[in-house]
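In what follows, residues are counted from 1 in the order of the sequence shown. Everything quoted here is computed from the prediction, not taken from an experiment.
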Amino acid sequence: MKSLSHDRLAGALVTEADLFGAAIAGADPAVRVPTCPEWTLRDLTCHVGVAYHKSAAIIASRPTGYVPFEAVTIDDPPAFEALGAWLRDGAERLVAAVTEVGPETPTSTWTPDRRAGFWTRRLTHETVVHRADAAFATDTPYDVDADLAADGIAEGLGLVAVFSRQQHPALDRTALRGTGETLLFHATEPEAGWLARRTPSGVEVGEETAEADVVVEGRAADLLLALTGRIAADDPRLAVSGDAALFTHWLANTRF
């Protein structure tokens, strides 16, 4: 399946930011996030919002080279009670910045994809996953649109493939190089499949269904949570057949 359109992702980013704000409303900012135990709920929320505001500032500056987040200065996040509105403002700023320059326009990113639209897609899926973290921390309901979850799987597997070939200080996936082992991630809602093959030079990913050493099936929303380490490999929402240890190894080396 093709990547979602920029317009779909831009709308989803603002919606996801609003849903994140709703998940944290009235919660204790000091509560620990079970899926990110090093963070409090405030830490988690600020992590997402800072990414919005800094990426928007980078894109708006129309850089000609790489600009690390550490080099960007923004206002400090507000009090916890105002973080929901701050999240929405950051999401809207990012969408406006990408729209202004054009999603295909080159900008600063930390991947080989140098297009401004990279940030819309990346931060939409960053928000989808961290909204799950917020929901788990606050014991609030969580789900995500099937098409958005499927696009998140495709985007995440694409990053795994890239960083299995080149080392990255925070996203090193070179441990996933292999000798032809295959993993099939099969979404049942919507119907989609991704075949990952571990080769000596890195991971190859194709959007297809085929026989594999291990097959992992479930709704795209649940597969996304599994592939980002938010639910366990043996979660009842998943059906795993074949070499389960291969899937466990994959999860251990793709956590972010």
Side-chain angles (χ1 to χ4, degrees), residues 1-6 8-9 12 103-104 109-115 117-126 128-129 144-168 170-233 235 237-256:
M1 59 188 298
K2 295 181 179 179
S3 169
L4 295 180
S5 70
H6 178 261
R8 170 71 175 106
L9 289 166
E104 299 298 318
T109 76
W110 41 265
T111 78
D113 183 354
R114 304 297 187 191
R115 298 172 300 161
F118 161 84
W119 286 112
T120 314
R121 192 183 191 205
R122 173 82 292 276
L123 291 183
T124 296
H125 297 311
E126 180 91 349
V128 165
V129 173
V144 60
D145 291 346
D147 67 329
L148 196 58
D151 192 70
I153 293 169
E155 191 253 3
L157 291 175
L159 290 175
V160 168
V162 167
F163 293 113
S164 67
R165 288 175 166 75
Q166 60 188 63
Q167 289 189 329
H168 184 282
L171 289 172
D172 185 358
R173 304 298 187 235
T174 54
L176 292 175
R177 295 173 184 173
T179 55
E181 301 90 344
T182 52
L183 305 92
L184 175 65
F185 305 111
H186 180 213
T188 57
E189 181 190 332
E191 181 69 30
W194 298 268
L195 183 68
R197 185 180 302 276
R198 296 172 52 185
T199 78
S201 59
V203 174
E204 299 172 353
V205 178
E207 293 193 356
E208 58 182 297
T209 56
E211 292 186 0
D213 296 317
V214 62
V215 178
V216 186
E217 293 184 290
R219 295 188 314 142
D222 298 325
L223 279 178
L224 178 64
L225 292 179
L227 289 170
T228 54
R230 269 55 190 185
I231 61 175
D235 189 281
R237 286 168 283 186
L238 305 175
V240 180
S241 57
D243 187 354
L246 187 59
F247 180 42
T248 302
H249 177 271
W250 179 279
L251 295 180
N253 287 280
T254 53
R255 175 77 189 201
F256 75 91

For [X] versus [Y], what's the shortest heavy-atom pair and its separation?
X    : Y    : value
A233 : T248 : CB-OG1, 4.4 Å
W194 : A187 : CZ3-CB, 3.9 Å
T254 : L227 : OG1-O, 4.1 Å
A154 : E207 : CB-OE2, 3.6 Å
P190 : A220 : CD-CB, 3.9 Å
T228 : L224 : OG1-O, 2.8 Å

Can you list the steps and then say if D151 with H125 is a side-chain contact (heavy atoms from CB on, under 4.5 Å)? CA-CA 8 Å; D151 192 70; H125 297 311; 2.7 Å; yes
Which is it for L4 and D147 under the side-chain contact (heavy atoms from CB on, under 4.5 Å) test, yes or no, and what are the steps along the way? CA-CA 8 Å; L4 295 180; D147 67 329; 3.9 Å; yes
Between the side chains of D222 and R230, is the shortest nitrogen-to-carboxylate-oxygen separation below 4.0 Å, so that they form an ion pair? no
Looking at D113 and R121, is there a salt bridge between them, counting it only when a charged N and a carboxylate O are closer than 4.0 Å?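 No.
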Listed partners of [X] passing side chain to side chain donor-acceptor pair (under 3.5 Å), at least two apart:
X    : result
T124 : none
T182 : D213
S5   : none
N253 : H249

[X]: partners by salt bridge (Lys or Arg N to Asp or Glu O under 4.0 Å), with sequence neighbours left out:
X    : result
E104 : R115
D243 : none
E217 : none
E181 : none

For R237 and G218, indicate whether the former's side chain and the latter's backbone hold a donor-acceptor pair under 3.5 Å.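 No, the answer is negative, given that no donor and acceptor are paired below the 3.5 Å cut-off.
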Under 3.5 Å, side chain of R173 to main-chain N/O of V160, donor-acceptor pair present?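 Side chain of R173 to backbone of V160: no pair is present.
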So, taking the atom named [atom1] in [X] and the one named [atom2] in [Y], what distance separates them when rounded to the nearest 0.5 Å?
X    : Y    : atom1 : atom2 : answer
W250 : L183 : CH2   : CG    : 6.0 Å
W119 : L9   : CH2   : CG    : 15.0 Å
R8   : D145 : CZ    : CG    : 5.0 Å
F185 : L157 : CZ    : CG    : 6.0 Å

Answer with yes or no whether the side chains of H186 and T209 bring together a donor and an acceptor at under 3.5 Å.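 H186 and T209 do not have a side-chain donor-acceptor pair below 3.5 Å.
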Quick one: are [X] and [Y] in side-chain contact, heavy atoms under 4.5 Å?
X    : Y    : result
R219 : L223 : no
V162 : P112 : yes
V215 : V240 : no

Set of residues satisfying side chain to side chain contact (heavy atoms under 4.5 Å, CB included) with respect to P200, sequence neighbours excluded: none
Only counting residues at least two apart or in another chain, list the ones meeting side chain to side chain contact (heavy atoms under 4.5 Å, CB included) with R165.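 Testing R165 for side chain to side chain contact (heavy atoms under 4.5 Å, CB included), a comparison that skips the adjacent residues, returns A161, E204.
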Can you sort out the partners of F247 under ring-ring contact (aromatic ring centres under 6.0 Å, His included), two or more places apart, ordered by chain and number?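 ring-ring contact (aromatic ring centres under 6.0 Å, His included) check on F247 returns nothing, list empty.
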Please determine whether the number of non-hydrogen atoms from other residues, nucleotides or ligands lying under 6.0 Å from atom CD of E211 exceeds 12. no
Among residues two or more places apart or on two chains, list those pairs meeting salt bridge (charged side-chain N to carboxylate O under 4.0 Å, His left out) that have a residue in residues 194-203. none
